[in-house]
Amino acid sequence: MSLCLSCGLCCDGTMFEVAAITPEEAMRYGDRVNVSKDRRHLLLPCPALDGCKCTTYQDRPGVCSTFKCLALASLDEGLMSDAEAHEAIEEVLGRRRRVTALMGMTDDRQALAAARKQAVAGTASEELTAALAYLNRALLVMLLKPEDSFLRKEK
Ligand code: SF4
Ligand code: SF4
């Protein structure tokens, strides 16, 4: 939990753009819910996120309570120390800050959203495209399971 309080990457739109939720859960999030056919998705950044804190933690959707990134799962399974898990998160945050700097902005989350729009529109500079790719690689690693990753301990 303390790791998540210094991160927020899976709630703030950096790691995912949406979170799948049930119809009952959708009723709590008003216009931040996208309905397509019989599926409902909470649009991220999540309106319940305050800084890195979930303000609806006890009542958060099932997908939120079951998701664990590589750093959190590895910490829980004793494959990473607290310091190593924070370092892994800091690596991703640092790559996101690089995107923010290239965008000439101060808010990391807004800068990343704007940078991704530029990338989709094909107007991102070479440097920004490279920084986004560098960030995406780190995010992909964070989606690995500890048993699939290079962090697995030898028996
Ligand atoms: S689960 Fe991982 S990505 Fe999500 S807030 Fe916690 S440490 Fe960050
Ligand atoms: S409900 Fe809480 S845990 Fe789920 S995405 Fe929103 S802030 Fe994150």
Side-chain angles (χ1 to χ4, degrees), residues 1-103 105-117 119 131-153:
M1 176 67 185
S2 62
L3 182 67
C4 298
L5 286 174
S6 57
C7 175
L9 288 167
C10 59
C11 310
D12 70 5
T14 299
M15 194 173 273
F16 307 111
E17 291 185 347
V18 295
I21 53 177
T22 66
E24 294 72 34
E25 290 166 345
M27 288 162 68
R28 287 185 237 139
Y29 296 96
D31 61 4
R32 291 296 293 164
V33 174
N34 177 260
V35 182
S36 158
K37 294 188 181 166
D38 57 345
R39 297 184 180 192
R40 283 161 181 76
H41 290 99
L42 173 59
L43 301 174
L44 304 179
C46 179
L49 189 67
D50 179 10
C52 294
K53 186 177 176 196
C54 174
T55 56
T56 184
Y57 190 74
Q58 299 303 332
D59 230 3
R60 66 201 189 285
V63 67
C64 305
S65 55
T66 52
F67 176 75
K68 285 184 182 183
C69 71
L70 176 68
L72 184 59
S74 300
L75 179 64
D76 285 355
E77 292 179 26
L79 296 169
M80 269 187 180
S81 67
D82 194 54
E84 288 168 334
H86 276 93
E87 205 176 299
I89 296 297
E90 190 48 44
E91 172 72 23
V92 180
L93 295 176
R95 292 183 188 203
R96 191 175 65 175
R97 282 195 293 273
R98 171 72 181 141
V99 171
T100 306
L102 287 171
M103 291 297 290
M105 295 171 72
T106 52
D107 184 301
D108 292 331
R109 295 165 183 174
Q110 286 179 8
L112 180 58
R116 282 175 169 163
K117 273 188 192 158
L132 283 170
Y134 196 50
L135 170 63
N136 286 342
R137 272 202 295 277
L139 288 171
L140 279 174
V141 169
M142 293 302 286
L143 293 172
L144 291 172
K145 300 260 180 267
E147 61 269 28
D148 297 331
S149 84
F150 53 88
L151 297 164
R152 183 172 55 80
K153 278 184 176 166

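All ligand and atom numbering here is 1-based and tracks the order in the structure.
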task = Taking all heavy atoms of Cys69 and all of Ile89, pick out the closest pair and write down the distance.
result = SG-CD1, 4.4 Å
request  = List every atom of ligand 1 that sits less than 4.0 Å from any heavy atom of Ile89, numbering the atoms from 1 in the order shown and giving each element.
outcome  = 7 (S)
ask   = Within less than 4.0 angstrom of ligand 1, does Gly8 place any heavy atom?
value = yes
task = Answer yes or no on whether Arg137 is positioned over the face of Tyr134, meaning its NZ or CZ is under 6.0 Å from the six-membered ring centre and within 45° of the axis.
result = no
key: Ligand-residue contact atoms, ligand 1 with Leu3, heavy atoms, under 4.0 Å   = 7 (S)
request  = Carefully, step by step, assess Met80 and His86 under the rule side chain to side chain contact (heavy atoms under 4.5 Å, CB included).
outcome  = CA-CA 9 Å; Met80 269 187 180; His86 276 93; over 6 Å; no
key: Heteroatom N/O/S of Cys7 within less than 2.8 Å of atom 4 (Fe) of ligand 1   = no
query = Tell me, which protein residue and heavy-atom name are nearest atom 6 (Fe) of ligand 2, and how many Å apart are they?
reply = Cys46 SG, 2.3 Å
remark   = Numbered in order shown, the ligand 2 atoms found under 4.0 Å of a heavy atom of Pro61 are 1 (S)
ask   = In ligand 1, which numbered atoms sit nearer than 4.0 Å to a non-hydrogen atom of Cys4?
value = 1 (S), 5 (S), 6 (Fe), 7 (S)
ask   = Just wondering, is there an N, O or S atom on Cys54 that's nearer than 2.8 Å to atom 2 (Fe) of ligand 2?
value = yes
key: Test applied, side-chain contact (heavy atoms from CB on, under 4.5 Å); reference residue, Lys68; option that passes from Thr66, Leu72, Leu70   = Leu72
request  = Select the closest option to atom 2 (Fe) of ligand 1 among Ala88, Cys69, Ala73, judged by heavy-atom distance.
outcome  = Cys69
message = Test side chain to side chain contact (heavy atoms under 4.5 Å, CB included) on Leu3 and Leu75; report intermediate values, then the result.
response = CA-CA 9 Å; Leu3 182 67; Leu75 179 64; 4.3 Å; yes
request  = Write out the residue and atom name of the closest protein heavy atom to atom 8 (Fe) of ligand 2, then the distance separating them to 0.1 Å.
outcome  = Cys11 SG, 2.4 Å
inquiry  = At less than 4.0 angstrom from any non-hydrogen atom of Leu72, what atoms of ligand 1 do you find?
reply    = 1 (S)
request  = Verify side chain to side chain contact (heavy atoms under 4.5 Å, CB included) between Arg96 and Asp12, making sure each step is shown before the conclusion.
outcome  = CA-CA 12 Å; Arg96 191 175 65 175; Asp12 70 5; 2.8 Å; yes
Ligand 2 contact on Thr56 by region, counting heavy-atom pairs under 4.0 Å = side chain
request  = Do me a favour and list the nearest non-hydrogen protein atom to atom 4 (Fe) of ligand 2 with residue, atom name and distance?
outcome  = Cys64 SG, 2.3 Å
request  = For side chain to side chain contact (heavy atoms under 4.5 Å, CB included), just list the numbers for Arg40 and Tyr29, CA-CA rounded to whole Å, side-chain angles, deciding distance to a tenth of an Å, and then say yes or no.
outcome  = CA-CA 11 Å; Arg40 283 161 181 76; Tyr29 296 96; over 6 Å; no
request  = Would you mind finding which of Tyr29, Phe16, Tyr57 brings a heavy atom closest to atom 1 (S) of ligand 2?
outcome  = Tyr29
message = Check this for me: Glu17, atom CD, are more than 12 non-hydrogen atoms of other residues, nucleotides or ligands nearer than 6.0 Å?
response = no
ask   = Would you say the side-chain atoms of Arg28 and Thr56 include a donor-acceptor pair closer than 3.5 Å?
value = no
